[in-house]
Amino acid sequence: MVFSSNHTRFLVFLFCITAVRIFYGAYLGLGDDEAYYWEWGQHLALSYFDHPPLTAWIGRCTCEIFGNNQFGFRSGAIVSSLLFTIFLYLLSLRMFSLPGTALRVSIFVAAIPLFAVGSFMMVPDAFLALFWLLALFFFWEIVDKGNRRDWYALGIIFGLGLLSKYNMVMLP
């Protein structure tokens with residue numbers, strides 16, 4: 001793959017959108033659901049009443065690293081959104097082989113209000129979206145290149161998706 005000006009534009013876009021997500025993640029107060037998930041992180045378990053445990057586990061881990069504050073709690077969702085945007089670009093690039101199209105797909109998805117707001121909120125959907133996209137990415141690799149080892153990665157990703165939100169079961 002040759003590095004093009006669209007790749008550079010994507011990196012600039014990725015830097016800018018991540019900076020905006022960090023700003024909002026650090027300065028906006030926690031929403032009701034986020035406070036509920038933060039509370040889970042204070043009392044880790046293998047499952048909770050209405051969700052699997054990944055949000056609590058990641059929230060607790062990032063609070064241990066960055067401090068027990070709203071940025072520390074939300075940093076896992078911000079990293080998840082960063083990875084989502086990167087893999088969306090890569091999947092679009094592999095599917096269409098057009099860097100300009102991949103860049104536009106990434107920008108348009110980031111501009112969708114649900115994705116824009118959810119990109120810094122620590123909710124199970126942040127990780128569900130990432131693992132769903134990663135599953136699609138690896139499935140495309142399996143179909144396109146026929147690499148059987150990617151089935152293992154797909155299985156692990158599917159399992160992590162189930163640990164983030166039970167809706168992952170709808171993917172197959």
Side-chain angles (χ1 to χ4, degrees), residues 10-92 105-139 150 152-172:
F10 172 73
L11 291 175
V12 169
F13 164 72
L14 188 64
F15 175 80
C16 292
I17 198 73
T18 302
V20 168
R21 290 170 178 164
I22 290 170
F23 175 79
Y24 281 121
Y27 292 106
L28 287 181
L30 294 179
D32 295 343
D33 286 349
E34 287 180 297
Y36 180 51
Y37 303 136
W38 175 84
E39 185 64 30
W40 287 358
Q42 306 307 304
H43 309 281
L44 294 178
L46 294 176
S47 186
Y48 298 92
F49 177 68
D50 54 353
H51 286 296
L54 192 65
T55 303
W57 295 349
I58 291 175
R60 173 69 174 269
C61 182
T62 57
C63 280
E64 293 291 328
I65 295 169
F66 298 109
N68 199 10
N69 54 48
Q70 57 206 25
F71 174 74
F73 181 65
R74 286 182 171 153
S75 59
I78 294 168
V79 170
S80 176
S81 298
L82 172 72
L83 293 173
F84 179 90
T85 306
I86 291 169
F87 277 96
L88 179 66
Y89 180 79
L90 292 174
L91 179 61
S92 302
V105 165
S106 301
I107 291 171
F108 290 148
V109 169
I112 295 171
L114 183 63
F115 281 101
V117 173
S119 65
F120 63 87
M121 293 183 67
M122 187 63 159
V123 293
D125 301 282
F127 304 107
L128 174 68
L130 174 63
F131 293 126
W132 194 290
L133 181 70
L134 285 173
L136 295 175
F137 179 86
F138 278 96
F139 186 71
D150 285 338
Y152 295 112
L154 184 59
I156 291 168
I157 290 164
F158 186 74
L160 289 170
L162 287 171
L163 284 173
S164 64
K165 194 167 183 177
Y166 296 129
N167 294 9
M168 188 72 175
V169 76
M170 301 303 291
L171 179 65

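Worth knowing before you read on, the calculation uses all heavy atoms, side chains too, and leaves out hydrogens, waters and symmetry mates. Not measured: the values here are computed from a predicted model.
Ala135 and Met168 get closest at one heavy-atom pair: CB-CE, 4.2 Å. Taking all atoms of both residues into account, the shortest heavy-atom contact from Ala45 to Pro53 is O-CB, 3.5 Å. Here the closest heavy-atom approach between residue Pro52 and residue Ser47 is recorded as CA-OG, 4.4 Å. Here the closest non-hydrogen pair linking Leu14 and Thr18 is O-OG1, 2.7 Å.
Under the 4.5 Å side-chain criterion, counting only non-hydrogen atoms from C-beta, Met121 is not in contact with Tyr37. Side-chain contact between Glu34 and Arg74 is present, with at least one heavy-atom pair separated by less than 4.5 Å. Put simply, the side chain of Thr55 does not reach to within 4.5 Å of the side chain of Ser164, judged on heavy atoms. In this structure the side chain of Phe131 never reaches within 4.5 angstrom of the side chain of Ile156, judged on heavy atoms.
Going from atom CZ of Phe120 over to atom OG of Ser75 covers 14.0 Å, rounded to the nearest 0.5 Å. Note: Leu133 CG to Ile86 CD1 = 11.0 Å, rounded to the nearest 0.5 Å. Taken to the nearest 0.5 Å, the OG atom of Ser106 stands 9.0 Å off from the CZ atom of Phe84. In this structure, Leu160 CG and Leu128 CG are separated by 12.0 Å, a value rounded to the nearest 0.5 Å. Once rounded to the nearest 0.5 Å, the distance linking NE2 of His51 with CG of Asp125 reads 7.5 Å. Atoms CD1 and CZ, from Ile107 and Phe13 in turn, are 5.5 Å apart once rounded to the nearest 0.5 Å.
Every residue was checked against the side chain to side chain donor-acceptor pair (under 3.5 Å) condition with Tyr48, not counting sequence neighbours, and none meets it.
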Before giving the answer on side chain to side chain contact (heavy atoms under 4.5 Å, CB included), spell out for Asp150 and Leu154 the whole-Å C-alpha distance, their side-chain angles and the decisive distance to 0.1 Å. CA-CA 6 Å; Asp150 285 338; Leu154 184 59; over 6 Å; no
Between Trp57 and Leu46, does a side chain to side chain contact (heavy atoms under 4.5 Å, CB included) hold up when you go through it step by step? CA-CA 9 Å; Trp57 295 349; Leu46 294 176; 4.2 Å; yes
Begin from the C-alpha positions of Leu136 and Trp132 and carry the test side chain to side chain contact (heavy atoms under 4.5 Å, CB included) through to its verdict. CA-CA 6 Å; Leu136 295 175; Trp132 194 290; 3.8 Å; yes
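For Asp50, the CG atom is densely surrounded, since the number of other residues' heavy atoms within 6.0 Å is greater than 12. Within a 6.0 Å sphere centred on OH of Tyr166, other residues, nucleotides and ligands contribute more than 12 heavy atoms. No more than 12 heavy atoms of other residues, nucleotides or ligands sit less than 6.0 Å from atom CZ of Phe139. Dense packing is recorded around CD1 of Ile65, with more than 12 heavy atoms of other residues, nucleotides or ligands lying under 6.0 Å away.
A donor-acceptor contact shorter than 3.5 Å links the side chain of Thr62 to the backbone of Gly59. The closest donor-acceptor contact from the side chain of Trp38 to the backbone of Asp33 lies at 3.5 Å or more, if one exists at all. Judged purely by atom type and a 3.5 angstrom limit, Ser92 uses its side chain to pair as donor or acceptor with the backbone of Leu88. Remark: side-chain polar atoms of Asn69 are paired, donor with acceptor, to backbone N or O of Gly72 under 3.5 angstrom.
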Side-chain donor/acceptor pairs under 3.5 Å, residues 20-31, sequence neighbours excluded:
| from | atom 1 | to | atom 2 | distance (Å) |
| --- | --- | --- | --- | --- |
| Arg21 | NE | Ser119 | OG | 3.2 |
| Arg21 | NH1 | Ser81 | O | 3.4 |
| Arg21 | NH1 | Thr85 | OG1 | 3.4 |

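Note: Phe10 and Tyr89 have parallel aromatic rings, judged against thresholds of 30 and 60 degrees for the angle between ring planes.
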